[in-house]
Undergrad: 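Take this structure, written in structure tokens, and hold onto it; I'll ask about it next.
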Amino acid sequence: MDRRQFISASSMLAAAGAVSTALPSCSATGGKSLEKLARHSYRARLLVVGGGPSGVCAAVSAARLGIETMIVDNGNCLGGMGTKALVGPFMTCYDASGQEMIIRGLFEEVVERLIAKGGAIHPSKIHQGTEFTAWISEGHEHCTPFDPELLKIVYEQMCFEAGVKVLYHANFLEPVMKGDTVRGALLLTPSGVEQVDADMVIDATGDGTVAFRAGAPYVFGDPESGRVQPSSLFFRMNNIDTDALIAEVVPHLPEFRRVNGVSYRCLHWRVAEAEAAGEWDLDRKSVNIWRSVEKDQWVANCTRIHNVDATNAESLSASEVEGRRQVQELMHFFHKYVPGCEHATLMGTGSTMGIRESRHILGDFVLPVQDLIDGKIPEDTILLSANSIDVHGAMGGPAGGLYMPIKKDMYGVPYRCLIPGKIRGLLLTGRCISAESAAAGAIRVMPPAMALGQAAGTAAALCLRNGVDPVSLDYGDLRAELLRGKAFLG
């Protein structure tokens, strides 16, 4: 499929996706018949649906507080974007001044465990404007390079040590509902349709699938622009002469710039050469490549696929085909045009797309982007972060993006963002929380997602202990328990 064919196909798929997201939740039409088919296979006090970084931290934090917890994922490993999609590095976990590490708790434990295995470099040793940050400065002080294969092992070890029941190859079908309250889930596994009965559920699907199918209100992407952020297929390379690559890039650092939202950064001069030779048709003017833990290994965030509906199988399928086409074009570019990359080897592409945006579930409080820019710290803050507002494709056109740094050292994300509207017995975590599209553009990255997960799991444990719904949870109790879990709350 060439680029023109893909664009034509993706236009049709976008229309199909628009129709599919307008359909009523299947739980309202077919859930009862599915329940008749299901075997009651599992029972847990807390069920976490989705084994990405946020879901893992939710499950571990709840289990460590004595709650019988189960986590299910449709793949064959934990870690989601960081493992299956090869997204890396972890973005900053420090305040805007770069002086203090403010995302700690389980995130910091994951990093320390990775370092002990030789699978990460501590963020305190990584500085902006270097090869470890794709030579980007704004918002990139203290990123964390990591090895995705070792990350899979760390996540599993943490779950097993905490007593979390882990089930792979489990596709979420429908929530089990008792009125407006979620009480488990129906799963499609290799064994058939199976039911998990639970006292509470955490939606860590990224797409808000549990909440959506339970009937919670939501918006898709940015309602004002009608767009979602573009997706990327990440890939990793090795056999790179890193010294030669650094020598190629560093003299050009003064030329790095952003024009009308378009970034002219790493290797933009080589991209211009390839473009002039008719060997570049990607929707970017430069490339983002990040040095990883091993010296010859690099992570590439270079592909860009617009209008991907992560809730639509046809749209996802077409985007993955196009992503792999772009990777082949990029490997040709690195081999032919980039010093130090002549013998680069493609280690692998993500087994799933790097998705930046899909559904935003709406709660009683929707986090405004202005609160982040102004550095507001609400009374019910569950995490502090300083990640900048980074909305890829915000302006449309070639790589047009919106990037807004915050005005203060940090901002807070309130507990209220984890509570979906109209639905009980359910908490949200990860990029589907109740937030404006641009606000989600800041907290969708992995360190804040992991802190959200720790907060959601802690909140669920306290709710189950005290016999209350998340709406009625005392924030003072939640804050005290988060601090005991080494979270940083100022």
Undergrad: Would you indicate whether the side-chain heavy atoms of Pro123 and Tyr94 approach each other to under 4.5 Å?
TA: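 Yes, side chains in contact.
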Undergrad: Apply side chain to side chain contact (heavy atoms under 4.5 Å, CB included) to the pair Val287 and Leu282, showing each step before the final yes or no.
TA: CA-CA 10 Å; Val287 298; Leu282 305 185; over 6 Å; no
Undergrad: What closest approach, in Å, do Gly430 and Leu452 show between heavy atoms, and which atom pair accounts for it?
TA: O-CD1, 3.9 Å
Undergrad: Between Ile121 and Ile115, which heavy-atom pair has the shortest distance, and what is it?
TA: C-CD1, 4.3 Å
Undergrad: Donor-acceptor pair, distance only, cut-off 3.5 Å: does the side chain of Ser434 make one with the backbone of Gly363?
TA: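 Yes, because the side chain of Ser434 sits within donor-acceptor range (under 3.5 Å) of the backbone of Gly363.
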Undergrad: Report the relative orientation of the aromatic rings in Phe256 and His268; use parallel for angles under 30°, tilted for 30 to 60°, perpendicular for over 60°.
TA: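 If you compare the ring of Phe256 with that of His268, the planes turn out perpendicular.
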Undergrad: For the side chain of Glu436 and the backbone of Val369, is there at least one donor-acceptor N/O pair under 3.5 Å apart?
TA: yes
Undergrad: Atom NZ of residue position Lys152 - does it have more than 12 heavy atoms of other residues, nucleotides or ligands inside 6.0 Å?
TA: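 Yes.
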Undergrad: Say whether Thr205 and Asp207, considering side chains only, have a donor N or O and an acceptor N or O under 3.5 Å apart.
TA: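 Result is no, nothing qualifies.
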Undergrad: I need the Trp280 CH2 to Lys285 NZ distance, nearest 0.5 Å.
TA: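 With rounding to 0.5 Å, CH2 (Trp280) is 9.5 Å from NZ (Lys285).
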Undergrad: Do Phe172 and Arg213 have side chains that approach each other closer than 4.5 Å (heavy atoms only, starting at C-beta)?
TA: yes
Undergrad: Walk me through whether Asn239 and Asp296 qualify under side chain to side chain contact (heavy atoms under 4.5 Å, CB included).
TA: CA-CA 5 Å; Asn239 294 329; Asp296 73 324; 3.9 Å; yes
Undergrad: Yes or no on side chain to side chain donor-acceptor pair (under 3.5 Å) for Asp390 and Ser388, after CA distance, side-chain angles and deciding distance?
TA: CA-CA 6 Å; Asp390 184 17; Ser388 301; over 6 Å; no
Undergrad: Are Val308 and Pro230 side-chain neighbours, meaning at least one heavy-atom pair lies under 4.5 Å?
TA: no
Undergrad: State whether the side chain of Ser263 and the backbone N or O of Arg265 hold a donor-acceptor pair below 3.5 Å, judged by distance alone.
TA: no
Undergrad: Ignoring hydrogens and geometry, is there a side-chain-to-backbone donor-acceptor pair from Asp95 to Asp409 under 3.5 Å?
TA: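 No; zero donor-acceptor contacts below 3.5 Å.
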Undergrad: Taking only residues two or more places apart in sequence, or in another chain, which ones meet Pro217 in a side-chain contact (heavy atoms from CB on, under 4.5 Å)?
TA: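 Counting only residues at least two positions away or on another chain, Pro217 forms a side-chain contact (heavy atoms from CB on, under 4.5 Å) with Leu362, Lys422.
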Undergrad: Go through the side-chain N and O atoms of Arg325 and Thr303 and say whether any donor and acceptor fall under 3.5 Å apart.
TA: no
Undergrad: Counting only N and O atoms by type, is there a donor-acceptor contact under 3.5 Å from the side chain of His142 to the main-chain atoms of Gly98?
TA: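 Side chain of His142 to backbone of Gly98: a pair is present.
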Undergrad: Distance-only, no hydrogens or angles: does the Gln297 side chain make a donor-acceptor pair with backbone N or O of Arg236 under 3.5 Å?
TA: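 No; zero donor-acceptor contacts below 3.5 Å.
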Undergrad: Look at the rings of Phe90 and Phe146 and say which category their plane angle falls in: under 30° parallel, 30 to 60° tilted, over 60° perpendicular.
TA: parallel
Undergrad: Among Arg304, Arg356, Gln326, find the one that has a side-chain hydrogen bond (donor to acceptor under 3.5 Å, both in side chains) with Ser232.
TA: Arg356
Undergrad: Rounded to the nearest 0.5 Å, how far apart are OH of Tyr411 and CD1 of Ile389?
TA: 6.0 Å
Undergrad: Please give me the minimum heavy-atom distance between Ala435 and Val366, naming the atom from each residue.
TA: C-CG1, 3.6 Å
Undergrad: So, Thr133 side chain and Gln128 main chain: donor-acceptor pair closer than 3.5 Å or not?
TA: no
Undergrad: If you look only at pairs with a residue in residues 72-92, which of them pass as a side chain to side chain donor-acceptor pair (under 3.5 Å), with sequence neighbours excluded?
TA: Asp73-Lys84, Asn74-Lys84
Undergrad: Hey, does Phe212 have a side-chain heavy atom less than 4.5 Å from the side chain of Asp203?
TA: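 No; the side chains remain at least 4.5 Å from each other.
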Undergrad: Please report the C-alpha distance between Lys407 and Asp374 in whole Å, then the side-chain angles of each, then the deciding distance to 0.1 Å, and finally whether the side chain to side chain contact (heavy atoms under 4.5 Å, CB included) criterion is met.
TA: CA-CA 6 Å; Lys407 296 177 181 177; Asp374 294 340; 3.7 Å; yes
Undergrad: To the nearest 0.5 Å, what is the distance between CZ (Phe107) and OG (Ser54)?
TA: 13.0 Å
Undergrad: Out of curiosity, Ile246 CD1 to Arg291 CZ, how far, rounded to the nearest 0.5 Å?
TA: 6.0 Å
Undergrad: Is there side-chain contact between Val56 and Met158, with heavy atoms separated by less than 4.5 Å?
TA: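 In short, these two side chains do not touch, never coming nearer than 4.5 Å.
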Undergrad: Roughly how far, to the nearest 0.5 Å, is CG of Leu383 from CE of Met410?
TA: 11.5 Å
Undergrad: Say whether, by atom type as modelled, one donor and one acceptor occur between the side chain of Thr242 and the main chain of Lys295 under 3.5 angstrom.
TA: yes
Undergrad: Quick one: closest heavy-atom pair of Asn288 and Ile136, and the distance?
TA: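 Where Asn288 meets Ile136 most closely, the heavy atoms are OD1-CD1, 4.0 Å.
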Undergrad: Could you tell me the separation between the CZ atom of Arg359 and the CZ atom of Arg431, rounded to the nearest 0.5 Å?
TA: 10.0 Å
Undergrad: Can you see which heavy atom on Met331 is nearest to which on Leu346, and at what distance?
TA: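 Taking every non-hydrogen atom into account, CE-N, 3.9 Å.
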Undergrad: Is the side chain of His335 donor-acceptor paired with the backbone N or O of Ala344 at a distance under 3.5 Å, no angle test?
TA: yes
Undergrad: Within the structure provided, determine whether Leu114 and Thr144 are in side-chain contact (heavy-atom separation under 4.5 Å).
TA: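 Leu114 does not reach Thr144 side chain to side chain.
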Undergrad: Set out, in order, the CA-CA distance, both residues' side-chain angles and the distance that settles salt bridge (charged side-chain N to carboxylate O under 4.0 Å, His left out) for Arg324 and Glu320, then state yes or no.
TA: CA-CA 6 Å; Arg324 284 187 281 272; Glu320 285 158 347; 5.0 Å; no
Undergrad: Side chains of Cys143 and Pro89: does their closest heavy-atom pair fall under 4.5 Å?
TA: yes
Undergrad: Compare all side-chain heavy atoms of Pro448 with those of Ile103 and state whether any distance is below 4.5 angstrom.
TA: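 Counting from C-beta outward, Pro448 and Ile103 do come under 4.5 Å.
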Undergrad: Please check if atom CD in Glu224 has more than 12 non-hydrogen atoms from other residues, nucleotides or ligands closer than 6.0 Å.
TA: no
Undergrad: Let me know which of Glu273, Glu279, Glu342 forms a side-chain hydrogen bond (donor to acceptor under 3.5 Å, both in side chains) with Tyr337.
TA: Glu279
Undergrad: Tell me, with the steps shown, if Val250 and Leu253 meet side chain to side chain contact (heavy atoms under 4.5 Å, CB included).
TA: CA-CA 5 Å; Val250 168; Leu253 292 180; 4.3 Å; yes
Undergrad: Any side-chain donor paired with an acceptor under 3.5 Å for Ser358 and Thr311?
TA: no
Undergrad: I'd like to know whether NE2 of His332 has more than 12 heavy-atom contacts from other residues, nucleotides or ligands below 6.0 angstrom.
TA: yes
Undergrad: Looking at every heavy atom in both Met81 and Ile355, which two are closest together, and how far apart are they?
TA: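 Looking at all heavy atoms of both residues, the shortest contact is SD-N, 3.6 Å.
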Undergrad: Could you check whether any side-chain N or O of Gln454 sits under 3.5 Å from a backbone N or O of Leu106, counting only pairs where one atom can act as donor and the other as acceptor?
TA: yes
